[in-house]
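Here is the naming used below: chain letters follow the sequence lines, and residue numbers restart at 1 for every chain. Everything numeric in this text was worked out from a predicted model, so none of it was measured.
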Amino acid sequence: MAGGGPSLMDSLFQRSLDDLIKGLRLSSPDNKLNFISKSLDEIRREIKSTDPQTKSTALQKLTYLHSLHAVDMSFAAFHSVELSSSAIHSHKRVAFLSAALSFNPSTTDFILLLTHQLRKDLSSPNHHDVSLALSTISSICNPDLARDLTPELFTLLSSSKMFVRKKAIAAVLRVFEQYPDAVRVCFKRVVENLEGADMGVLSAVVGLFCELTVNEPRSYLPLAPEFYKILVDCRNNWVLIKVLKIFAKLAPLEPRLGKRVVEPICEHMGRTGAKSLAFECVRTIVTSLSEHESALKLAVEKMREFLLDDDPNLKYLGLQALAIVSEKHMWAVLENKELVVKALSDVDVNIKLEALRLVMSMVSEDNVMEICRILMSHALKSDPEFCNEILEFILLTCSRNVYEVIIDFDWYVSFLGEMARIPHCQKGREIEAQLVDIGMRVKDARLELVHVARDLVIDPALLGNLYIHGVLAAAAWVSGEYVELSRNPFELMEALLQPRTSLLPPSVRAVYIQSAFKVLTFCIYSYLGLNGDVASEPVSDTELDNDNVVITHKQTPSTSSSKHNLTQESIMSLLNLIETNLGPLAGSDEVEVQERASNVLGLIKLMKPRIIGGLNQSEEDKIKEELKASETIKLIYDAFSEELAPVSLNSQERVPIPDGLVLKENLNELEAICGDFKLPLSTSFSLVKTRMLEKDATSISECQSKEESEPSNESTSLLSEHRKRHGLYYLPSESKESVSNDYPPAHDPKDKAIDEAEDLVKLTEQSLVFKKKSNPLKPRPVVLRLDDGEKSNFVSKKLEVKEDLISGAVQEVLLGTEASTSSSISKLSKKSSKGVPELKDNTGNNDLSEVSLAGSGRKKHNKERKHKSSGKEKEEHNNKDKQKSDRRHSKHKSRQRADSALAAQSQVIPDFLL
Amino acid sequence: MGIRFVLMVNKQGQTRLAQYYEYLNIEERRTLEGEIVRKCLARNEQQCSFVEHRNYKVVYRRYASLFFLVGVDNEENELAILEFIHLLVETMDRHFGNVCELDIMFHLEKAHFMLEEMVMNGCIVETSKANILSPIQLMDKAA
């Protein structure tokens with residue numbers, strides 16, 4: 001078949017849909033794609049056939065392949081359009097079904113070609129054709145189609161065939177969304193259907209309002225009487241559920257409405273045997289009527305029934321409803337506490353999660369310890385996934401608002417340590433961040449923190465667990481940073497240098513070595529301070545006076561009679577230990593490890609002769625040497641004892657920027673590099689590097705020069721250059737000697753940009769106070785904008801505008817706020833003679849007295865709507881005197897004013913849009 | 001918009017019917033179906049019938065070898081959707097006589113028409129089995 005015109009053969013021997021399906025079933029999985037592409041070739045040929053039967057079958061097959069085997073069928077769009085005009089209903093069905101399943105309302109151009117056929121079908125005497133067209137519209141409607149077909153839909157809204165009418169109502173929702181002006185035309189008829197007796201129609205129209213009220217409920221308040229009637233009279237659960245949903249939206253807007261509906265809702269709840277309706281009643285009460293105490297009590301009782309039920313579905317929903325109540329009425333949760341806790345060990349992870357959420361919502365200062373204990377025991381026996389969920393919730397809740405609920409930090413810190421030891425724990429990062437964060441924020445917790453850190457660092461078993469390497473890094477950092485609080489620095493040193501540290505990733509290992517460096521400095525400092533006369537800081541004394549020191553280590557000489565067990569020998573063995581362990585690392589491939597190891601070894605080289613030296617030297621030399629050593633070590637020690645603290649986001653701004661410093665550029669780059677890292681990473685550079693390695697290995701070197709604020713002993717040329725340029729980040733006091741210091745890195749700029757300018761102390765004093773204020777200060781503009789955008793829960797902004805248009809138009813129709821006919825409407829009315837008279841009826845059919853009635857909350861009166869229509873005559877006045885009416889509006893209640901403002905706004909937009 | 005999609009999937013995770021009430025392109029559909037099927041089919045009888053996925057809530061129910069999965073938005077009543085699924089199955093049962101996977105495979109169009117009668121634009125418009133089936137029976141007669 002060269003050239004591919006469809007031949008007679010194709011038509012005669014065309015495979016039917018059944019053949020295709022059978023073929024698909026017979027073909028092996030490997031062969032399937034092949035089979036599909038072969039069939040597709042056939043279809044491409046057949047679909048061009050002039051015989052409608054052949055075409056229809058081809059389209060049928062294609063639709064099947066598209067729907068279930070993800071075959072692209074956009075090429076056949078025109079054929080669908082073509083076939084839709086067939087006189088044979090079954091062909092038409094195939095065509096419209098294929099269109100409904102495959103057309104993209106926003107990009108398929110062929111939809112416009114359907115307009116004429118759809119219009120024809122909508123006015124067809126065959127109601128199956130009409131219904132088909134309506135279904136199609138509801139799935140492929142775009143603004144053009146909606147505009148062009150509004151008049152036909154309008155007619156169908158009061159069709160005598162309920163079968164058609166209900167579909168027209170369902171379709172009109174889509175039309176409203178696409179073309180808000182249609183509201184002006186059709187809304188009144190839609191409202192009329194609220195009083196219909198036909199269940200299908202009622203179900204459709206209530207469903208329509210349920211969707212509409214989600215977005216802008218206020219506009220539909222005037223219809224409350226109609227909804228109320230349905231609520232009281234209707235016995236169809238589907239409809240009742242929808243009506244309840246509508247009231248859930250309306251009741252919060254009008255307290256009197258709530259009072260009115262709460263009774264029938266409770267009645268339904270008590271009466272009905274249908275769980276779906278009962279649950280909807282519960283949900284309505286807890287979301288919107290929770291201030292009605294007796295109703296709430298009933299609802300909570302019902303929830304308890306659900307929670308006690310064996311049906312997992314009811315349990316799940318009960319928990320969800322409880323979660324809604326918990327926001328305002330914690331007592332309801334507390335009352336069912338034991339059920340919630342029981343649900344934590346349910347077989348269903350979804351139920352467990354809901355229960356977990358609820359449990360966490362109960363957390364307060366008083367019960368945080370108890371709850372955490374319970375959760376911990378659950379975590380231990382749960383599967384890894386849920387265990388980590390629990391841990392995440394605990395970590396999140398406890399750290400909320402800078403550890404708001406935690407009073408006993410000693411407990412919390414040891415709890416964090418416990419968490420890290422849970423075998424499944426994968427929350428190492430968060431624990432790591434919190435350990436360091438607490439270390440910096442909470443001075444009183446440091447002693448316990450050091451103990452916890454010691455236990456973590458010293459346990460060789462933990463080193464093998466990949467997930468807690470971060471925690472170990474934090475523990476190592478804590479051990480080094482607050483070494484003066486440690487009971488036994490020697491033991492710590494051993495732990496930091498234990499052979500299994502080779503299992504650590506280089507970044508964590510670097511922290512270990514750096515901590516060892518700090519511990520070493522501290523030990524020598526103490527030693528010299530005790531043996532010489534440099535002792536100036538009492539800190540070391542108090543800690544080392546501790547009699548509980550465990551003397552089990554080989555480097556602690558047995559001869560030592562000193563209660564501080566700091567003898568020359570012990571120091572020497574300490575130095576030897578370090579040399580033995582770090583010696584090999586000086587040749588490590590990892591620059592961080594290598595460099596830090598060299599630092600430590602360098603210090604030892606410097607110190608060793610001076611400590612040892614005394615043996616062979618004269619007394620004078622010895623003292624001199626020791627003095628030198630003391631001086632050096634004191635400088636290093638001082639550098640280390642510089643306090644770290646959390647710094648407010650804004651503190652950086654308060655530092656004057658020196659000339660020639662291109663601050664902005666650098667920070668921007670930094671942002672790009674570590675923008676994703678949310679954790680308040682405060683330990684050291686190497687931790688940052690861990691992240692770097694994962695996220696952006698190439699940028700490490702770049703980061704090092706920019707971000708690293710932890711210069712090493714030998715200042716390289718690069719570093720000194722950096723120091724020159726960014727002197728701000730360096731403590732000026734250190735410049736005289738190349739000593740190592742442990743600045744807090746300028747890591748994670750988002751969280752805590754710690755700057756080490758000379759006014760650090762001043763800043764840290766303020767920082768804690770400023771923290772709360774300054775945190776929201778910076779992101780505030782963003783938040784505000786988000787608030788606006790999220791107000792009505794929209795998926796896209798475009799849709800939001802449209803919804804506003806809908807509710808604006810609805811308000812016009814219902815309240816008659818403004819009666820300006822937009823240009824598009826007049827266009828429309830010219831097009832269809834049918835639309836014109838109704839249009840006049842609908843736009844601005846209220847006089848002002850009616851408006852004020854509606855505005856003052858008398859919407860429960862059923863008569864209101866009839867009143868409304870009586871005001872039609874005055875409509876023209878309104879029309880003419882827009883401004884006047886506006887002014888008069890403003891005299892009404894503020895709510896009314898807001899409404900008219902909304903309406904006014906919405907009138908401007910359609911002209912832009914259409 | 002209430003119901004966002006209706007899926008029928010067999011035990012092996014193959015889609016047997018897919019009806020979306022909002023436009024998704026083929027790729028999006030495929031990934032969504034894959035994700036949901038993976039999530040739901042792994043669950044057992046003792047677990048609840050609701051799964052949250054992305055911004056959908058998926059309500060599902062298993063009938064023999066076939067899973068019926070309905071994606072709804074968060075506003076929808078989950079239990080009502082379960083009843084809807086049951087209604088759908090009962091309707092199909094009435095038409096096909098103890099409906100099975102093959103019935104839906106070979107009569108996909110009809111299944112779509114039934115759905116079309118029941119749901120329009122994501123809203124449930126018809127809940128009477130007789131009303132749902134009458135146009136289809138008429139079509140059968142005509143054919």
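Per-residue counts of heavy-atom pairs under 4.5 Å with chain B were compared for A/Asp310, A/Leu17, A/Ile169, A/Leu97; the largest is that of A/Leu97. Of the listed residues A/Val201, A/Val347, A/Leu353, the one with more heavy-atom pairs under 4.5 angstrom with chain B than any other is A/Val347. Chosen from B/Ser128, B/Ser49, B/Ser134, the residue pairing most often with chain A at heavy-atom distances under 4.5 Å is B/Ser49. Between chain B and the residues A/Ala274, A/Cys141, A/Ser138, the largest count of heavy-atom pairs under 4.5 Å involves A/Ser138. When A/Ser203, A/Ser106, A/Gly207 are compared by the number of non-hydrogen pairs under 4.5 Å with chain B, A/Ser203 comes out ahead. Interface remark: of the candidates B/Gln19, B/Glu27, B/Arg16, B/Arg16 forms the most heavy-atom pairs closer than 4.5 Å to chain A. Taking A/Ser135, A/Ala248, A/Pro105 one by one and counting their heavy-atom pairs under 4.5 Å with chain B, the maximum is reached by A/Ser135. Comparing A/Ser102, A/Gly200, A/Ala70 by how many heavy-atom pairs each has under 4.5 Å with chain B, the most go to A/Ala70.
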A/Phe209/A/Lys242 under side chain to side chain contact (heavy atoms under 4.5 Å, CB included): CA gap, chis, key distance, verdict: CA-CA 9 Å; A/Phe209 277 111; A/Lys242 292 284 176 190; over 6 Å; no
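Interface remark: B/Glu33 contributes no atoms to any contact with chain A (heavy atom separation under 4.5 Å). Both the backbone and the side chain of B/Val51 have a heavy atom closer than 4.5 Å to some heavy atom of chain A. Within the 4.5 angstrom heavy-atom criterion, atoms from both the backbone and the side chain of A/Ala171 approach chain B. For chain B, the nearby parts of A/Leu101 are the backbone and the side chain; heavy atoms of each come within less than 4.5 Å. Looking at A/Thr63, neither its backbone nor its side chain comes within 4.5 Å of chain B, counting heavy atoms on both sides. For B/Phe84, the parts lying under 4.5 angstrom from a heavy atom of chain A are both the backbone and the side chain. Only the side chain of A/Leu314 comes within contact range of chain B, judged by heavy atoms closer than 4.5 Å. Only the side chain of B/Leu108 comes within less than 4.5 Å of a heavy atom of chain A; its backbone N, CA, C and O stay farther away. For a residue to count as touching a neighbouring chain, one of its non-hydrogen atoms must lie under 4.5 Å from one of that chain's; by this rule B/Ile81 does not touch chain A. With a 4.5 angstrom heavy-atom cutoff, A/Lys315 does not touch chain B via any of its atoms. With a 4.5 angstrom heavy-atom cutoff, A/Ser139 does not touch chain B via any of its atoms. Neither the backbone nor the side chain of A/Asn237 has a heavy atom closer than 4.5 Å to any heavy atom of chain B. In this structure, the portion of A/Val71 lying under 4.5 Å from any heavy atom of chain B is its backbone and not its side chain. Both the backbone and the side chain of B/Met105 come within contact range of chain A, judged by heavy atoms closer than 4.5 Å. If you measure heavy-atom distances from A/Phe103 to chain B, the contacts under 4.5 Å come from the backbone alone. A/Leu24 does not touch chain B: none of its heavy atoms, backbone or side chain, sits under 4.5 Å away. Using a 4.5 Å cut-off between heavy atoms, B/Ile26 contacts chain A through its side chain alone, with no backbone atom that close. Contact annotation for A/Lys249: only side-chain heavy atoms (C-beta onward) come within less than 4.5 Å of a heavy atom of chain B. Of the atoms belonging to A/Lys245, it is side-chain heavy atoms, and not backbone ones, that fall under 4.5 Å from chain B. Contact of A/Ser67 with chain B is made through backbone and side chain together, with heavy-atom distances under 4.5 Å. Using a 4.5 Å cut-off between heavy atoms, B/Leu102 contacts chain A through its side chain alone, with no backbone atom that close. Within the 4.5 angstrom heavy-atom criterion, only side-chain atoms of A/His66, from C-beta onward, approach chain B. When heavy atoms are compared at a cutoff of 4.5 Å, B/Leu138 approaches chain A solely by way of its side chain, counted from C-beta outward.
Between the side chains of A/Asp72 and A/Ser74, a donor-acceptor pair is found at a separation under 3.5 Å. For the 3.5 Å distance criterion, the side chains of B/Glu116 and B/His112 fail to qualify, holding no donor opposite an acceptor. Counting only N and O atoms by type, the side chains of A/Tyr316 and A/Gln320 include a donor and acceptor under 3.5 Å apart.
You'll find the side chain of A/Trp238 reaches within 4.5 Å of the side chain of B/Glu83, heavy atoms only. Taking the side chain as every heavy atom from C-beta outward, B/Met120 and A/Leu173 never approach each other to under 4.5 Å. At a threshold of 4.5 Å between non-hydrogen side-chain atoms, the residues B/Asp140 and B/Lys110 count as touching. Side-chain contact between B/Met114 and B/Leu133 is present, with at least one heavy-atom pair separated by less than 4.5 Å.
Heavy atoms from other residues, nucleotides or ligands lying under 6.0 Å from CD of A/Glu385 number 12 at most. In this structure, B/Arg30 places its CZ atom where only 12 or fewer heavy-atom neighbours from other residues, nucleotides or ligands lie under 6.0 Å away.
Ring geometry, A/His89 versus A/His128: the interplanar angle exceeds 60°, so the pair is classed perpendicular (tilted spans 30 to 60°). Classified by interplanar angle (parallel below 30°, tilted 30° to 60°, perpendicular above 60°), the ring pair A/His127/A/Phe163 is perpendicular. Relative ring orientation between B/Phe67 and B/Tyr60 is described as tilted, the plane-to-plane angle lying within the 30° to 60° band. The aromatic rings of B/Phe5 and B/Tyr56 lie perpendicular to each other, with more than 60° between the two planes, well past the 30° mark.
When each of A/Leu317, A/Asp346, A/Asn313 is tested with A/Ile351 by the rule side chain to side chain contact (heavy atoms under 4.5 Å, CB included), just one qualifies, namely A/Asp346.
A salt bridge is absent between A/Asp19 and A/Lys61: the closest approach of a Lys/Arg side-chain nitrogen to an acidic carboxylate oxygen does not fall below 4.0 angstrom. By the 4.0 Å N-to-carboxylate-O rule, B/Glu109 lies too far from A/Arg93 to be salt-bridged with it. Ion pairing between B/Arg38 and B/Glu35 fails under the 4.0 Å rule for side-chain N and carboxylate O.
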